[in-house]
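Every chain is numbered from 1 and lettered A, B, ... according to where its sequence line falls, protein lines coming before strand lines. No hydrogens, no waters, no symmetry mates; every other heavy atom, side chains included, goes into these values. None of these values were measured; they are calculated from a predicted model.
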Amino acid sequence: MKRFVAPLIAIASVALLVAGCSTTSTGSSDGKPVAGGTLVYATGDAEPTCLDPHVGGNYPQALVATQYLESLVSKNKAGDIIPWLATKWSESADGLSWDFTLRTGVKFTDGTPFEADAVAANVAHLQDPATASSTGYLALQKVTGVTAVDRHTARITLSSPDSALLDSLSQPWLAIESPTALKRSQAVNCESPVGTGPFVVTKWTHQQSISLVRNEGYTSPPADAAHTGAAYLKAIDWRFLPDSVSRYAALTAGTVDVIDNVQPDTLVAAKKSKDLVALDAPRPGASNRIELNSSIAPFDDARVREAFIRSANVNDAVTSLFFGTATRSYSALSSVEKLGVSEPKLFGYDQKAAATLLDAAGWGTKNADGYRTKNGTVLELDFPVSTNQSIPAEQSLFEQLQATSKQAGFKVNLHPLDLSSWYGALGKNQYNLVSAPYTKVGPDVLRILFDSAGTKPAPSGYFANHSQVKDPALDALLEKAAQTSDQTERASLYKKAQEIVLGGFYILPLYDQQNHFLRRSVVSGLRAMPTVSTPTMYDAWLSR
Amino acid sequence: MSRPAVIVAAAVLAFLVFAALFPGVIAPGDPLAIHPLDSFRAPSFAHPFGTDESGRDIFTRIIHGTGASLTIGLSATAIGVGLALILGLLSGLGPRWLDFGTTRFLEVLFAFPGLLLALLFIVIYGPGVVTSTIAVGLATAPGYARIIRSQVRVVRRAPYLEAALVLGRSPAHRLVRHLLPNVVGSLFVLVTLGIGQSIVWASSLSYLGLGAVPPAAEWGAMLSAGRTYLGSFWWMTFFPGLFIVLAAVGTTLLGRGIQQGTRLR
């Protein structure tokens, strides 16, 4: 219990600070919050196939679910875990069970009270193969069960200690839904999930928009929220506007109040406008990177992997395409992850080194087109690109890398694909290169992405270890780190693990997962959740 | 149709054909060469049409893309007309039931907008230059087929064919020497008009990401790449668009010119 005293004090002081700040800052710059109005949000992320983020579990779901679902814990800006639906928690001495004291007086929007059995029902739902969860499922791999100690205390039992449990539970993919609502069929729950959040889903018009209205009985903001009670906004009109040009045009015309997935050139243009304000919230977890499939030729040879990485001129591409809105990463982890290790030296652009490596690896001959060959086979790389998950600037970046690696003799074939064909190509192991975002709170994302277990698909069919790293030493390090709650030892274990990943040339880091928002200046109080950087509308209000 | 307009159209097309055959003479650079640090440059002396997001010269890319765009337009039209000839001759010359069957089949195809037919084909056979060319060809075939059929029905009752029949000429001789020349003559104008349409359609498919794959220098694909930056860098869409319009208007004007010329004679 002792180790929780300090964080609790920190939490309390932060909460006080935030409360203090909000009254002064909103008071001076933005005026007094006004209740009412409908905020129009236009998202460029893919439209979810299910509004319950337990099912599958991707970022588009997290974006919208942040408005109507809540988690047991959250994070503050400093990166500390803070209370949300749970007010207190404690870990047993052996690290195999955690007790969560739940907030009282909280009701789901269907009237069901929020109690310990709700936590049990949600964990069971996530672990049920029929739910086809991937993100939540992978995060809860060590959880063996949940028992209700009393109405307001839930005990989570584990198969082995899990230092990432609180981080995992803070994510929207593990949000707590009404157990009554979860009993409905999955199809119904996907259309109208029920949570405890500040807004309620009233209607989902597919391929168009989701209507959300204020939860009048709302009582459970996270500890770092700026106010208490119901949200200011009366409603949110959550629109799907996949075309980035139209999305920005709608914002400048004033028909939309907030947009996400802002393109680099429009960010620069928006800076000149008085009406538009930018919000940059890099996603936690993995950095945006290209993964090199080490399970099949030619990348089963580490020298060929290094040669590809050396021949890819990422820096010039980032400079030309991102106008200074993105910073080059040399890490497997996002820059918001405190335990991230950065190795710029490993990723220097060096065509000469690439050529030497390829010669050594037996790819010494070149054909008439300038591509290297080995026993008649061309050094060809298939690169399926998910057009739903990459902004156009990123797709252009891949084209530039295609051009620079051609100088070394690589023939990179870009295949722009829709999401389902892309999953198909991954499932059939028909790829040498791939770039897939993965958002998770905390360094445990390394286990998901690089543990050999990650080459086997989750119930949803998705597997996360696209580099197909199978290294027992790395597995052991990641497993040990996940069980270690001593912060110094944990940091050192994750450092060693990242050195293996980076030194093995399994990935080519590019930059943080870009997460830029633009709001009109009539919108105040909009902030990104420090957990997975999704915007929350709870404190937002309109002055028009 | 004024004569100068036809002459201008012919000159534009002659330029495009030259560009398609000898792109290196007009634009000696490499259309795929990237210069990341020269990206998004406005039109200037060094880059008359500006540069794109990877610093590639847009003028060079457009000139080198002419071959691809014209080839797609021509082959798609050839496929369309080829198919249409078979269908049109079958239904125009064949027995009643065959005519009935082919005509109904064409009507079913007509019920779909042409582009939808092309999309359907691409969904089944996957995107790419070859499939999009065939798709456009397929989509244009019903229109030609209907015209060929009616033309065949008119010509086959012509006195000279009856004369050939009386003279005991073989069916093959009658088809090749008498029927086809008269059918194809009127088709020539349609084909010229059709090439422009095929170029536009093929560009549309590339624009939708279903035709040429990046970073290929193809007009539709370039238009699509530039659209993302429409608000900031107009030249990325303007010039590829201009060339699509030039090619389409050029072939259309020329076709109309020929049409009127033949009518006067």
Side-chain angles (χ1 to χ4, degrees), chain A residues 44 242-249 251-252 261-270 272-273 312-323 349 369-370 383-385 387-388 390-407 412-418 421 424, chain B residues 29-42 47 50-58 60-61 119 122-129 131-132 205-218 220-238:
Chain A
D243 180 66
S244 61
V245 179
S246 337
R247 201 159 62 244
Y248 183 65
L251 182 79
T252 48
N261 286 275
V262 185
Q263 301 296 308
D265 63 307
T266 36
L267 265 181
V268 175
K272 293 174 201 142
S273 165
N313 187 351
V314 179
N315 284 359
D316 282 357
V318 172
T319 310
S320 74
L321 292 162
F322 286 88
F323 307 95
Y349 173 56
D369 298 324
F383 191 169
V385 177
T387 48
N388 294 93
S390 287
I391 61 167
E394 190 161 275
Q395 292 166 36
S396 304
L397 180 128
F398 298 154
E399 285 175 32
Q400 294 196 13
L401 299 190
Q402 177 188 42
T404 58
S405 63
K406 187 185 171 184
Q407 291 170 29
V412 177
N413 303 316
L414 293 170
H415 306 286
L417 297 174
D418 61 85
S421 321
Chain B
D30 176 0
L32 299 180
I34 61 159
H35 303 280
L37 302 180
D38 275 334
S39 58
F40 302 114
R41 293 289 154 90
H47 304 287
T51 65
D52 70 3
E53 76 277 14
S54 297
R56 293 175 291 224
D57 184 61
I58 291 177
T60 309
R61 283 173 70 71
L119 287 175
I122 287 176
V123 165
I124 298 168
Y125 291 100
V129 177
T131 41
S132 76
L205 290 175
S206 295
Y207 177 79
L208 295 172
L210 301 171
V213 175
E218 200 272 343
M222 291 173 70
L223 197 67
S224 167
R227 198 187 52 107
T228 319
Y229 303 101
L230 196 60
S232 311
F233 315 110
W234 58 269
W235 55 89
M236 286 179 67
T237 36
F238 177 78

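Nearest approach of B/Ser232 to A/Asp265, heavy atoms of both residues: OG-OD2, 2.8 Å. Here the shortest heavy-atom pairing between B/Arg227 and A/Val245 reads O-CG2, 3.0 Å. The two residues B/Ser54 and A/Ser396 make their nearest non-hydrogen contact at OG-O, 4.1 Å. Among all heavy-atom pairs drawn from A/Ala317 and B/Pro36, the shortest one is N-CB, 4.3 Å.
Proximity to chain B (any heavy atom under 4.5 Å) is shown, for A/Ala249, by neither the backbone nor the side chain. Neither the backbone nor the side chain of A/Gln395 comes within less than 4.5 Å of any heavy atom in chain B. Within the 4.5 angstrom heavy-atom criterion, no atom of A/Asn313 approaches chain B.
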side-chain contact (heavy atoms from CB on, under 4.5 Å) between B/Ser39 and A/Leu321, intermediate numbers included:
CA-CA 8 Å; B/Ser39 58; A/Leu321 292 162; 6.0 Å; no
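Under the salt bridge (Lys or Arg N to Asp or Glu O under 4.0 Å) criterion, B/Asp38 pairs with B/Arg41, sequence neighbours left out. The salt bridge (Lys or Arg N to Asp or Glu O under 4.0 Å) test applied to B/Arg56 returns A/Glu399, B/Asp52, B/Glu53, not counting sequence neighbours.
B/Ile34 contributes atom CD1, which lies 11.0 Å from atom NZ of A/Lys406 (distance to the nearest 0.5 angstrom).
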